[in-house]
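For reference, the structure discussed in these notes is given below.
Within every chain, numbering begins at 1; the chains are lettered A, B, ... in the order of the sequence lines, protein sequences first and strands thereafter.
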Amino acid sequence: MSESERKARAERLAALRAAGLDPYPARVGPLLRLAEIRRHHDAKDVAALDAAALQVRVAGRVLAIRSFGKLVFMTLFEDGVQLQASFRKPELSPEVLALLALVDVGDFVRAEGVLWRTRTGELTVGARALAVVAKCLHPLPEKWHGLVDVERRYRQRYLDLLVNPEARRIAVTRSRSVTALRAFLDGRSFLEVETPVLQPLYGGAAARPFVTHYDVYDQDVYLRISDELYLKRLVIGGFDRVYEIGHNFRNEGVSRKHNPEFAMMECYQAYADYRDMMELVQAMLQHVVSAVTGGTRVAYREQQIEFGGAWPQLAIRDGILERTGVDVLAAADFATLRARVIEKGLDAGDAPTWGQLVDHLFSLHVEPTLVQPTFVTDYPVELSPLAKRSLTDPRLVERFELFVGGMELANAFSELNDPADQRGRFEEQRRAKAAGDAEAHPLDEEFLLAMEHGMPPTGGLGVGIDRVVMVLCDAAHLREVLLFPYMKPGE
RNA sequence: GGGCGCGUAGCUCAAUUGGCAGAGCAAGAGACUCUUAAUCUCUAGGUUCGGGGUUCGACUCCCCGCGCGCUCACCA
C-alpha cells in the first residue's frame, strides 16, 4: 500500500524510542555549519586533510543514502549547503551500527568524525558518531526529477525549497532585494514606519477591497489596498521622508502579474515632486540590481534588460499615437476618442470614460512593448485622484509609471496637497462609484481634515516588490516569487 | 466569472480503436569498503481526484462536483 513507506518510517521511529533514544531531542550541542566547513577546507587536498585530522561535528537533513555493505555514504543538507558523511561499519560501535539502520532519507541527523577526501575528491566527514535529531515520517520527492507538480510545489513549498534549487534561489534573491531596498532608503534618510493593515476606510488606489468584520465593535473593516493615505498623514505630521514595506490586499482577479495579496514599498518625500521621484526610483532600482547581480543587466524572458544609465521618458499620448495612430489628446472627449478607436479597427473594450479608454489603449498596445526601463508620463487626471494637476494641461497630472519587461513596476506622482482640489477629486470619484465603478476611490473626510492642516509639497512613490523580484529572478509568474501564493483549500 | 486543458503507485511518467493498469526512482529483503541519479538480484506497492451514467467490459466515452494550469475578463 501507499502507506508502506510511512509505516516503515514509523517503525524505525518506534525502534529509536525502544533503544532509549529521543527522536526529537531539544538540543543537538555545538556544531560547525556546513558552509563554514566548505569555506575553510574545500581547497585542502588529501594529504593536507589527513595531516590536519580535523574532528568536526555537523548536523543536517539526509538527502541521500548510498550503501556499499561495509561503507555507507550519506549526503547531508544544511541551509542550502551539502556535505557528505561516510560510515565504515567495521569501525563503528554496535550502538552506532544499529542506529545507522534506522536512518531514513529526510531525517535530520548529527554526525561527528574526521574530515577526509574520497578518491573522487569529495570532502567527507568520516563519521564515528551518529544521532537522529529529528525523524522524517514521509518520503521526500524524487531526487532526480525533483518536485514538478505545480500545485504541490505551492501547497507544500517546504518540499519545493528542499529539492528544487531554483525555488531556493528565488527566495534568497527576494530577501536580498528587500534588504538592498531598505539600505538604499535608509541611506537617503528615510524613516521606515508601519501603518495599519486593518482600516475603517480603505484608499490610496483604485481597487476593490477585502472586507472583514471586527466582532467587538460589530463593524465592518477593510484590509488596506495601499499605504498612501496614512503615510501622507505622517508627512503632514512632520516626518519628511518616510517609507513602508508591507502587503496590500486587493479583491481582484489573479494573473501572471497579479496576486490578491502583494508586497509594496511606498515612500514619500517632502519638498520633492514626481521628477525627483524619477531620480529616486532609478537610483533605487540600480542599487538593488547591483546588490543582487553585481552589475546593471538582467536576463528576463529571453531578453537582456539594461538598468544602467538614464531611463527614457514616454508621454502616454505619444506612446499610444506611435503604436495605434490615435492621438488621444486630439480626441479630447470620450465619444470622439471612442469613435476614432473603432474607426481604426481597434478594440475599445468596455471602458466607460475617456481616461479609462486611454488606459485601455495603453495597456493593450504600449505596455507590452516596454521591455527596457521606461518612465511613462502625463496620465489623465481622472485616473489619478491623488495627484497634482499638470501645469501645462489640466486634463493631465504630474505622474509617472515605470515599466520594465512589459510590466508596471512603480507608480509615482507629485502628491496633491490642495485640500479643495482633493475634495473635488473625491466628489468626482463618488460620482463614478454611483455610476457603477466598483474601484472608485471613497471619500475620506479624516484624510481631508489632515490635509486641511497643511501638507508640504510632496513626491510619492510605490514600487511593486514582487514584480521587481520577478524581473530579477527571471520568473514567469508572480507566484514563483511568493513563498506561499494563495491556494484554494484542497482535499 | 467565461473558454480550453490536466488529475494514474510515495515521486516522475506510460497504458494502441473501450479489452488483464506498467516502468524508472523511492520503499522492503539480499550482495557489495570510494559512491554521489551508485550498481546487481528478488519482493511488495493502485478507490486511475470524488460522485453518477452508458456498456458484456471504462484510466479511456457522457454528466455533475473538487482541485490545478493556460487564457480572456476584472485588474496596475
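- Among the nucleotides B/rC32, B/rG69, B/rC75, the one closest to any side-chain atom of A/Phe68 is B/rC32.
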Practice problem: Report the C-alpha separation of A/Phe413 and A/Tyr274 in whole Å, then their side-chain angles, then the decisive distance to 0.1 Å, and conclude whether the ring pair (Phe, Tyr, Trp, His ring centres under 6.0 Å) test is met. | Solution: CA-CA 5 Å; A/Phe413 28 91; A/Tyr274 81 120; 9.4 Å; no
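- Taking atom CG of A/Asp149 as the reference point, atom P of B/rG69 lies 10 Å away to the nearest angstrom.
- Residue-to-nucleotide contacts include no donor-acceptor pair under 3.5 Å from the side chain of A/Thr75 to the base of B/rU36.
- Shown here, B/rG19 forms a base pair with B/rC56; the pair counts as Watson-Crick or G-U wobble because both key distances fall under 3.5 Å.
- Summarising the geometry, the separation between CD on A/Glu252 and P on B/rC72 is reported as 17 Å, rounded to the nearest angstrom.
- The base of B/rC75 sits within donor-acceptor range of the side chain of A/His258, with an N or O pair under 3.5 Å.
- Within the shown strands, B/rA31 is the pairing partner of B/rU39 under the Watson-Crick or G-U definition, both distances less than 3.5 Å.
- Base pairing analysis places B/rA44 opposite nothing; no Watson-Crick or G-U wobble pair with both distances below 3.5 Å involves it.
- At a threshold of 4.0 angstrom between heavy atoms, the contacts of A/Gly146 are confined to the sugar-phosphate backbone, with no base atom among them.
- Under the stacking criterion of a centre-to-centre distance below 5.5 angstrom and an interplanar angle below 30°, A/Phe73 sits stacked against the six-membered ring of B/rU35.
- If you take CG of A/Leu71 and P of B/rA31, they are 16 Å apart, rounded to a whole angstrom.
- Here the nucleotide nearest the side chain of A/Arg155, chosen from B/rC74, B/rU36, B/rG67, is B/rG67.
- For A/Gln82 against B/rU36, a side-chain-to-base donor-acceptor contact under 3.5 Å is absent.
- The interatomic distance linking A/Lys488 (NZ) with B/rG65 (P) rounds to 12 Å, in whole Å.
- Following rounding to the nearest Å, A/Leu159 (CG) and B/rC11 (C1') show an atom-to-atom distance of 11 Å.
- No contact: A/Leu140 has no heavy atom under 4.0 Å from any strand.
- Nucleotide B/rG28 holds its C1' atom 16 Å from the CZ atom of A/Arg6, rounded to whole Å.
- Checking B/rG5 for Watson-Crick or G-U wobble geometry (two distances, each under 3.5 Å) identifies B/rC68 as its partner.
- Among the nucleotides B/rU33, B/rC68, B/rC11, the one closest to any side-chain atom of A/Pro141 is B/rC11.
- Atom P of nucleotide B/rC72 and atom CG of A/Asp350 are separated by 15 Å, given to the nearest angstrom.
- Between A/Glu11 atom CD and B/rA27 atom P there is a gap of 15 Å when expressed in whole angstrom units.
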